[in-house]
Structure formats: structure tokens, C-alpha cells
Amino acid sequence: MTLPRQQPPSLRVGAVGYAFMGAAHAHAWRTAGHVFDLPLQPAMVALCGRDAAAVAAAAARQGWAGVETDWRALVARDDIDLVDVCTPGDSHAEIAIAALAAGKHVLCEKPLANSVPEAEAMAAAADQAAQRGIRSMVGFNYRRLPAIALARQLVRDGRLGEIRHVRAGYLQDWLTDPSFPLTWRLLASHAGSGALGDLGAHIIDLAQYLTGEPVTAVSGSTTTFVTERPVQGWVGHEPRGRVTVDDAAVFTARIGAGKTLGTFEATRFAAGRKNSLRIELNGAHGSLAFDLERLNELEFHDHTADQLTAGFRRILVTEPGHPYLSGWWPPGHVLGWDVTFSHEVADFVRAIAAGTDPEPSFADGLQVQRVLDAVQRSAASDSAWTPVPPPGG
Ligand code: SOE
């Protein structure tokens with residue numbers, strides 16, 4: 001028997017880029033409409049990449065119906081409603097602004113851009129597009145972890161009281177081997193910055209999201225441990241090229257109008273740490289701690305409880321009432337890293353259908369960019385305290 005299925009109208013998606021992030025987004029576009037009841041059903045219309053053979057192979061593997069080899073052709077297609085930008089940062093601004101001008105909704109990978117002026121232009125284009133009902137969102141996917149969304153609810157409900165400390169780190173180790181090749185992520189011309197923008201951007205966004213307050217000033221240092229690496233694609237005596245981004249960044253920060261202090265660390269040289277994102281908040285009435293390597297859990301300490309029995313307790317964030325869990329499995333049947341992207345596109349689709357502006361907005365992405373820029377300026381001036389221009393400023 002064939003079951004009748006009332007298909008919602010479709011939202012026709014085109015993506016630019018099919019490497020790591022492109023593949024993660026494709027997985028989300030394939031999945032979201034089958035896990036959640038969405039008001040619009042994502043249709044994977046076309047994938048764009050410059051290498052015709054490679055993009056055709058990726059499209060077949062990832063489930064895209066067609067291909068393009070020039071993003072301008074993708075943006076010009078009238079059978080596409082949304083453009084998903086999964087390219088290195090140096091092309092985000094040009095593609096996103098053109099897509100918004102062409103009336104396409106835009107999902108753009110993080111960090112929003114490679115510089116503050118680019119991010120400002122993107123935020124301005126997003127503002128103008130929103131007046132025409134065109135929506136945009138930046139892909140800070142970790143906001144969509146159920147445990148992080150629950151943490152946000154607890155902060156918003158006042159369970160932590162005034163927040164005193166944010167302690168955040170995002171640690172990886174894939175660059176510890178000096179023979180690892182010089183990829184685009186190690187070139188400022190393509191990536192903007194290194195660990196700072198790639199990993200630091202996530203924890204800056206999480207700190208601002210969880211506290212609901214912007215970072216107002218920073219004092220930071222950055223370093224590059226391995227300054228030359230083999231140029232990719234050569235076998236044998238390959239030439240070496242200069243690494244033009246940071247390998248690691250640390251900074252302290254002031255957050256919001258109150259007295260909140262933050263410490264942040266981003267590195268690709270923490271041997272043994274594969275993808276370790278940790279964030280802890282300490283407030284007047286309690287604390288929260290999250291570790292991406294245990295992403296289904298949130299630690300919560302209620303400091304107002306009986307002190308003899310109080311302490312951090314582990315919440316397994318898999319109850320049907322927890323954020324995003326309604327679509328998934330019964331309690332205790334844990335979720336993985338990939339669901340952050342499914343939740344991200346599901347939220348974006350719902351906002352488009354509802355005619356509301358989704359978060360994180362391009363303005364939120366711009367604010368993260370301003371913090372990244374301030375850290376770089378501080379690092380260049382012997383860690384001098386450096387103000388971050390306020391949102392809207
Ligand atoms: C690479 O370091 C990377 O893929 C980042 O670009 C992602 O944003 C992060 O989620 C995982 O690590």
C-alpha cells in the first residue's frame with residue numbers, strides 16, 4: 001500500500017562548496033525535512049563548484065539534483081530560493097551579497113567574512129534584503145546543540161543570576177605535525193585568520209549567545225608555531241610556503257555592561273584534543289558547564305540549593321521536552337555532531353516560512369567579526385586592552 005503524503009511546498013536550495021562544511025550542510029538538507037515537520041520541504045536543486053568532474057561526483061554522492069561550475073550562474077537561476085554558502089571565507093561576502101540582491105535567502109558558513117568591512121557590507125545587505133522578505137543566517141551551528149539551547153534557557157530564566165565568569169576553549173590538534181600541508185585554512189588571503197577565526201569565532205558566538213551580552217573589550221595574544229609548511233600537491237621535494245595565520249590565540253575579555261570576565265583559548269596544537277569545545281559559565285546563583293566531547297550532557301550546579309548536597313549534576317539532554325529532541329529518539333538514545341546542522345537548517349526553514357528573521361543574523365556574525373578583529377589588533381599591540389565597537393555601532 002502506498003501511503004498518501006501531503007507534501008508541503010518546497011524550498012529550493014542551491015549550495016556553493018562541497019568539502020567538509022558543504023558535506024555537513026548537504027547531510028542536513030537531506031535529513032531535516034524527514035526528522036522535523038517543516039512548513040517547507042527542502043529540495044536539493046543544485047551544487048556549485050569550479051571543478052566540473054569533482055562537483056558532479058560530490059553532487060551524486062551528497063544528493064543534489066544538478067550542478068553548476070560558476071556561482072554566478074547558480075545565483076541567477078530562477079528555480080532556486082536559497083543559497084547556502086560553504087566556501088572559504090574570502091568569497092563569502094561576494095556570493096552572499098549577490099545572492100541577497102537576486103532575492104535568494106542566504107545561509108552563510110562562519111566566520112561570516114574575513115574582515116570587518118566585508119562583514120559590515122554583508123550585514124547591511126541582509127538588512128536591506130529583510131525589508132523585501134529575504135532572510136539570512138550565519139552558520140554558528142553549536143547554538144543548535146540541545147544542551148547549549150537548554151543552557152541558554154536556564155540563563156534566560158535567571159537560574160544562574162548575574163554571570164561573573166565565562167571560560168571557553170576550542171582545542172584541536174590537526175596541525176601538530178609540521179609536515180601537514182599548507183591548506184587554504186593556513187592562508188590569511190583565504191581564511192582571514194587561523195585558529196582565532198575558525199575556532200575562536202564559535203566560542204565568541206557561544207559566549208555572546210549564552211550570556212545575551214556582547215564582548216566589549218579584549219586583551220589577546222596570537223602565535224604561529226610552524227611558520228612554513230609543504231605546498232600541497234607536490235610529491236618528493238615539495239617547496240615550502242609561508243603560513244600567514246595564527247596557530248593559536250588566547251584572550252581575556254570583558255562582557256556586557258556588568259562585570260563579567262571571559263577567558264578564551266583557540267588552538268590547533270593541543271595534542272590529543274581532536275575537537276574539544278568547552279564552555280563554562282559561573283553566575284551568582286549557579287554554574288553551567290558544557291563539553292562537546294560529551295555533547296548530550298549539560299552540567300548544572302544550583303548554588304541556591306542545600307549546600308550539603310549541592311554540586312554539579314549531569315543532565316542528559318535527551319528528554320522529549322528538551323530543545324530539538326521532539327524529532328529524534330526516545331530518552332537516552334544519544335545524538336551526534338551532525339544534528340547541529342540539521343537543527344540549523346530546520347530553524348532557518350521555519351523562519352523563512354514564518355516571515356521572521358532567524359538568528360544568528362548577519363549582524364550577529366558582524367559582532368563576532370569585530371571581536372576577532374579586536375583580538376588581532378590587541379595581539380599586534382602587546383596585548384593592549386582593545387575596545388570592541390558595540391552592536392549597531
Ligand atoms: C575545522 O577546524 C572545523 O571544521 C571548523 O571549521 C568547524 O567550524 C568546526 O565545527 C570543526 O572544525
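Both ligands and their constituent atoms are indexed starting at 1 by order of listing. The analysis underlying the following values was restricted to heavy atoms, covering all of them including side chains, and did not include hydrogens, waters or symmetry mates.
The protein atom (non-hydrogen) at minimum distance from atom 12 (O) of ligand 1 is Gln172 NE2, 2.9 Å.
Only side-chain heavy atoms of Tyr170 come within less than 4.0 Å of ligand 1; its backbone N, CA, C and O stay farther off. With a heavy-atom cut-off of 4.0 Å, Arg268 does not touch ligand 1 at all.
Classification of the His202-Tyr170 ring pair by plane angle, with boundaries at 30° and 60°, yields tilted.
For ligand 1, the atoms closer than 4.0 angstrom to any heavy atom of His202 are 7 (C), 8 (O), 9 (C), 10 (O). Close approach of ligand 1 to Phe20 (heavy-atom distance below 4.0 Å) involves ligand atoms 4 (O).
In this structure, the side chains of Glu359 and Asp364 come closer than 4.5 Å at one or more pairs of heavy atoms. Two residues are said to be in side-chain contact when any heavy atoms from C-beta on lie closer than 4.5 Å; Phe312 and Ser287 meet this criterion.
Checked against a 3.5 angstrom limit, the closest N/O atoms of Asp198 and ligand 1 fall inside it. Between Glu109 and ligand 1, a contact under 3.5 Å exists for no N or O pair. Of the polar atoms of Tyr142, at least one N or O is found under 3.5 Å from an N or O of ligand 1, judged by distance alone.
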Donor-acceptor pairs are to be reported for all side-chain atoms of residues 220-228 against protein atoms at under 3.5 Å, with residues two or more places apart or in another chain.
unit_1 : atom_1 : unit_2 : atom_2 : d
Ser221 : OG     : Ser383 : OG     : 3.2
Thr224 : OG1    : Val245 : O      : 2.8

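With sequence neighbours excluded, the residues satisfying salt bridge (Lys or Arg N to Asp or Glu O under 4.0 Å) with Arg278 are Asp291.
Geometrically, Arg350 engages Phe36 in a cation-pi contact defined by less than 6.0 Å to the ring centre and at most 45° from the axis.
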